[in-house]
Amino acid sequence: GGVGMPMGTFVPPKTLWLPAMKGKGLEIMGTFARRAGVIQMEMTLTNKAMSVMTDFAIQFNRNSFGLAPAGPLQVPTPLSPNQTIDVSLPLNNGGPVMKMEPLNNLQVAVKNNIDVFYFSCQYPISMLFVEDGKMDRQVFLATWKDIPNENEAQFQINDCHLNSDAASNKLQGSNVFTIAKRTVEGQDMLYQSMKLTNGICVLTELRVQTGSPTYTVSLKCRAAEVSQCVFQCYEAALKN
Amino acid sequence: ELEDGLDEAFSRLAESRTNP
């Protein structure tokens, strides 16, 4: 599982983004984190080649939410053979936008003195959930009513053993805010909101049946295509 | 009064979702 931060933010474990075989000896493992409101691309670079590596730089292809490096990739060079280094690259969302498939896909180019290497990775959309995403209750009710039923997506999360308060607390660590809670016929219904960096708001209803490990998440958003990615974040946050 | 109204509105929403 991932590493829980003090604020409760879920950080997925690093995965292999660039195998050394494809990077002429450069291996990159990475993940994404949101720390104090800043999206970070966190990478472990390993030099598995027989010569030193210098002159690192990074560039993103245009992507769904305009993610872009907020500064240069800082690698203390040279990176000697067998040396491993952790680097953290702050991102902003001021870059060029192009809808990707899947929506959270990011195409990356990393350059060093040997060559330019390309890889794709996917970021949890929760990296884009802003700290002030708690919607006013009246606005929530009006928006919920206003978004057409066709825009509602429903998913199930199995094998979840938290009660609704624990679930609410965990999600709040990822900037998913509970606005209201009601209990109807033994089901806790949590009404929650989140806001993405580009202003898109997502409204959800999380149903937790006492004694049942299966949750039901219903998502309403004017941009319905984000629902699948948001659901993935619910699942990751609640199961880790 | 507004707050009471909102409390009531959420209760109605939850009720309507459980028993459509």
Side-chain angles (χ1 to χ4, degrees), chain A residues 134-157 163-165 167-168 176-193 201-212 214-221 227 231 234, chain B:
Chain A
K134 186 166 189 174
M135 196 177 262
D136 173 82
R137 297 200 306 156
Q138 194 170 8
V139 174
F140 182 99
L141 287 162
T143 310
W144 182 275
K145 208 170 161 185
D146 201 41
I147 295 175
N149 289 338
E150 305 88 83
N151 280 32
E152 180 174 336
Q154 203 168 76
F155 302 92
Q156 292 205 321
I157 302 174
N163 65 30
S164 61
D165 288 340
S168 176
V176 174
F177 299 98
T178 300
I179 289 168
K181 175 184 164 182
R182 292 292 180 276
T183 306
V184 181
E185 297 175 5
Q187 284 187 119
D188 285 342
M189 326 266 284
L190 302 182
Y191 292 95
Q192 302 176 315
S193 73
C201 291
V202 183
L203 288 69
T204 65
E205 175 194 77
L206 179 64
R207 287 193 205 198
V208 181
Q209 175 89 47
T210 311
S212 163
T214 303
Y215 287 9
T216 304
V217 193
S218 305
L219 301 104
K220 276 190 144 189
C221 181
S227 296
F231 163 68
Y234 263 70
Chain B
E1 201 170 299
L2 172 67
E3 288 303 305
D4 289 348
L6 293 176
D7 282 341
E8 178 56 32
F10 272 107
S11 297
R12 280 201 305 273
L13 173 61
E15 186 69 45
S16 72
R17 300 273 302 170
T18 309
N19 302 302

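Note on naming: letters A, B, ... go to the chains in the order of the sequence lines (proteins, then strands), and numbering restarts at 1 for each one.
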query: For E185(A), is it the side chain, the backbone, both, or neither that has a heavy atom closer than 4.5 Å to a heavy atom of chain B?
result: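 For E185(A), side-chain heavy atoms alone lie under 4.5 Å from chain B.
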Between atom [atom1] of [X] and atom [atom2] of [Y], what is the distance when rounded to the nearest 0.5 Å?
X       : Y       : atom1 : atom2 : result
L13(B)  : Y191(A) : CG    : OH    : 4.0 Å
L141(A) : E8(B)   : CG    : CD    : 11.0 Å
Q187(A) : T18(B)  : CD    : OG1   : 5.5 Å
D136(A) : L6(B)   : CG    : CG    : 7.5 Å

message: Between N19(B) and chain A, with a heavy-atom cut-off of 4.5 Å, which part of the residue counts as in contact: side chain, backbone, both or neither?
response: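 Side chain only.
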message: Out of R182(A), K145(A), E205(A), K181(A), return the one with the most heavy atom pairs under 4.5 angstrom to chain B.
response: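 Max contact count across the listed options: R182(A).
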message: Can you tell me which of E3(B), E15(B), R17(B) forms the most heavy-atom pairs within a distance under 4.5 Å of chain A?
response: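 If we count pairs closer than 4.5 Å to chain A, R17(B) comes out on top.
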message: Using every non-hydrogen atom in the two residues, find where M189(A) and A14(B) come nearest and quote the distance to one decimal.
response: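 Closest approach of M189(A) to A14(B), heavy atoms only: CE-O, 3.5 Å.
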message: Are R137(A) and D7(B) packed together at the side-chain level, in the sense that at least one heavy-atom pair is separated by less than 4.5 angstrom?
response: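 Yes, at least one pair of side-chain atoms sits under 4.5 Å.
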- prompt: Would you find more than 12 non-hydrogen atoms of other residues, nucleotides or ligands less than 6.0 Å from Q138(A) atom CD?
  reply: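 Open: at most 12 neighbouring heavy atoms sit under 6.0 Å from CD of Q138(A).
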